[in-house]
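Only heavy atoms go into these numbers, but all of them, side chains included; no hydrogens, no water, no symmetry mates. The chains referred to below are lettered A, B, ... by the order of the sequence lines, with proteins before strands, and numbering in each begins at 1.
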There are 2 protein chains.
Amino acid sequence: MTPEAQRPPSIRDVAGRAGVAISSASAALNDKPGVSDETRARILSVAKDLGYVPSWRGRSLSAKRAFTVGLVVERDPDVMGDDPFFGAFVGGIEESLGPRGYALAVRVSRDARAAATGYRELAGNRRVDGVFLNELLVDDPRPESMLRWGMPAVGINPGPGEFVFPTVRQDGTKAIVEALRWLARIGHRTIAHVAGPLRYVHAVERLEAFRSVLLDLGLDPSLVTEGDFTYQGGYEAADRLLAVSPRPTAVFCANDLTAVGVMNRALDLGMKVPADLSVIGYDGIAMGGYTRPTLTTIKTSPRALGRQSARLLLDLIEGSLPMDAQASVPEARLVVRSSAGPASTI
Amino acid sequence: MTPEAQRPPSIRDVAGRAGVAISSASAALNDKPGVSDETRARILSVAKDLGYVPSWRGRSLSAKRAFTVGLVVERDPDVMGDDPFFGAFVGGIEESLGPRGYALAVRVSRDARAAATGYRELAGNRRVDGVFLNELLVDDPRPESMLRWGMPAVGINPGPGEFVFPTVRQDGTKAIVEALRWLARIGHRTIAHVAGPLRYVHAVERLEAFRSVLLDLGLDPSLVTEGDFTYQGGYEAADRLLAVSPRPTAVFCANDLTAVGVMNRALDLGMKVPADLSVIGYDGIAMGGYTRPTLTTIKTSPRALGRQSARLLLDLIEGSLPMDAQASVPEARLVVRSSAGPASTI
DNA sequence: TTGAAAGCGATACCAG
DNA sequence: CTGGTATCGCTTTCAA
């Protein structure tokens, strides 16, 4: 890859060819005052002739900024493909990043230890100017450590209460309330929940919402089993739930993948969905519209979440945002499809 | 974000505290010869005390290397989430990148024009040291322009024939042959194909494979309609195919999403799958195992493809790989599930 | 073995 | 308005 590797023109080349000082070239190129119109025009034209593109490395060193933000995803590379959140979230981030000249550095780590290393590298290196804190854990050490490193960050759905960095939230509680109340209204009395791993704040939030609504409705809120946000986890959770008596007639799942797993297990056991078992998911992934029956779910907006959080992060980096800023995207909505409905035996 | 923003220790701080020259510190830190063991030990210990992490910006400028590679994804941010290839591919890339100290910069562009801009920025800027060329088009301009820019690249499944950069391929032809021959063997005589947009080489390759096998089998290879690799595209393609006479009894689709669309349309029309229509997809996405009936498909390995192509790209960047290098990952395999089988009326 | 100094490419300050 | 120069943090000669 070296044959005709002539290095790209630098600002010196431009200045030289235009017969001006480097500083003038810099000012002209950056639309800064202090250069006569005529000189500016000449510099610009030379730059164009040469095909000059400012080196991001030089700029970066000088500006003490990487013009890059980091996203660390803690997930086994093997299941990365099954995660629709990732792509949509990245898509949203890019919408904000691109126009402002920033790039996104992605790091995939298979476990918490590797993820910590990932953050440390990105932050210690100053390879990025800020990071996204996503899928937060209860007592997550990352926010504190980013603060200690002096690394700007934004928290995505950090749960209720204070957070040391700006946050972006999408409330899903109201939609959960609506979904569960609806289930009760159409006759369900035994409603179960397949939670996500309770080390995640979003898993806890959904569980809390479930409990509080059921209590409110005078129903038993204790029919809960912990899944792992995967299809397989849902499939297996279904077996546990369907073994209890009285058997639940409806299940609210912490995410869609789990819900599809539950639904398929029920179907595989010869049950009818929703007649024998109603299933409701959470996320609103496209797949929910492709399964049969189609999945009733609570639809979130990963893309908007990405877009907003990137906006906040850049504002924070550039100093125009207080640390306690809070943003939110429109609440998650209940999307009624066909996996939930009245129980056959009321 | 500025209160106690003391800048992180630089190599000068380390050298100063250790009472040595910067160059000695550099040598010690990089495991280079020219420093006595004793001095080295002292430097290392000071570096540790100070929590020194080499600045990636300085290193980058000096080394004339960004230690970053770029992936440009041409896709509407809205459907990024539906694309399981992206996540898995990125996961694979990271497996090779991380250990070698490189990062991945991702750029999402909604159309070809934006994607071209994306490449130009990454390349012109020298923000990245190399790029992945994925989802190649027939007569794709990107390889040539990367060559012109002197930007290392690798082509992922660039189709048959020469390619100006190293390539990584996963052959799927044999599996397609096997799948179609199997359909014929179990009695299908009218087999259709829902192609991908034919501007993509991989769409053309799959179509060519389809045609050649059907010709070989003495069947009519002309029952082809063009989809767009989406679920909706498949759903609509099904309507077109089911209107022709004689009606096909089996459909091979260019990807899984399309196949699920075709299958669902058939089910929605009250047909039985596979009794009335057999459906075979391509990709092997997890969802194929979640639909009912489960999807028979040809399973590819996006993660392995990512891992291999990143390996090649880094080798190319670091100069240890010829431009005509070719790598491949194990061929795609036919995965028989339940969406395809003997036709009910033979 | 060690240290001094020259880049890398850009920005920013300060004289002229 | 313009040009020179220091600076960012590191690597890499090149002398001592």
Q: Determine to 10° how strongly the helix from C:dT1-D:dA16 to C:dG16-D:dC1 is bent, judged from the axes of its five-pair ends.
A: 50°
Q | Summary of salt bridge (Lys or Arg N to Asp or Glu O under 4.0 Å) pairs that have at least one residue in residues 301-317 of chain B, sequence neighbours excluded | A | A:Asp78-B:Arg303, B:Glu95-B:Arg303, B:Glu95-B:Arg307, B:Arg100-B:Asp315, B:Arg311-B:Asp315
Rounded to whole angstrom units, what separation is found between the [atom1] atom of [X] and the [atom2] atom of [N]?
X       : N      : atom1 : atom2 : result
A:Leu61 : D:dT7  : CG    : C1'   : 8 Å
B:Arg65 : C:dG9  : CZ    : P     : 14 Å
A:Lys64 : D:dC10 : NZ    : P     : 11 Å

(Q) Can a side-chain donor-acceptor contact be found between B:Gln170 and B:Ser328 if the only test is distance below 3.5 angstrom? (A) no
Q: With sequence neighbours excluded, give me every side-chain hydrogen bond (donor to acceptor under 3.5 Å, both in side chains) pair touching residues 54-63 of chain B.
A: none
Q.
Show me the pairs that pass side-chain hydrogen bond (donor to acceptor under 3.5 Å, both in side chains) and involve residues 37-50 of chain B, at least two apart or across chains.
A.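 Every pair satisfying side-chain hydrogen bond (donor to acceptor under 3.5 Å, both in side chains) with a residue in residues 37-50 of chain B: B:Ser36-B:Thr39.
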I'd like a table of donor-acceptor pairs (distance under 3.5 Å, sequence neighbours excluded) in which one partner is a side-chain atom from residues 103-112 of chain A, with atom names and distances.
{"from": "A:Arg107", "atom 1": "NE", "to": "B:Glu94", "atom 2": "OE1", "distance (Å)": "3.4"}
{"from": "A:Arg107", "atom 1": "NH1", "to": "A:Glu121", "atom 2": "OE1", "distance (Å)": "3.1"}
{"from": "A:Arg107", "atom 1": "NH2", "to": "B:Tyr102", "atom 2": "O", "distance (Å)": "2.8"}
{"from": "A:Asp111", "atom 1": "OD1", "to": "A:Arg113", "atom 2": "N", "distance (Å)": "3.1"}
{"from": "A:Asp111", "atom 1": "OD1", "to": "A:Ala114", "atom 2": "N", "distance (Å)": "2.8"}

Q: Using ring pair (Phe, Tyr, Trp, His ring centres under 6.0 Å) as the criterion, list what pairs up with A:Tyr200, not counting sequence neighbours.
A: A:His202
Q) Does a nitrogen or oxygen in the side chain of B:Ser24 sit under 4.0 Å from OP1 or OP2 of C:dG3? A) yes
**Q.** Close residues, residues 37-46 of chain A, relative to DNA chain C [heavy-atom separation under 4.0 Å]
**A.**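 Those residues whose heavy atoms fall under 4.0 Å from DNA chain C, taken from residues 37-46 of chain A, amount to none.
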Q. Using a cut-off of 4.0 Å between protein heavy atoms and nucleotide atoms, how would you tag nucleotides 10-16 of chain C 5' to 3' with B, S and -?
A. BBBB---
Could you pull out all residues at least two apart from [X] that satisfy side chain to side chain contact (heavy atoms under 4.5 Å, CB included)?
X        : result
A:Lys32  : A:Ala27, A:Asn30
A:Leu136 : A:Leu133, A:Asp140, A:Arg142, A:Pro143, A:Pro158, A:Phe163, A:Val201
B:Val79  : B:Arg75, B:Asp76, B:Asp82

Q) Taking only residues at least two apart or on different chains, which pairs with a member in residues 10-53 of chain A satisfy ring pair (Phe, Tyr, Trp, His ring centres under 6.0 Å)? A) none
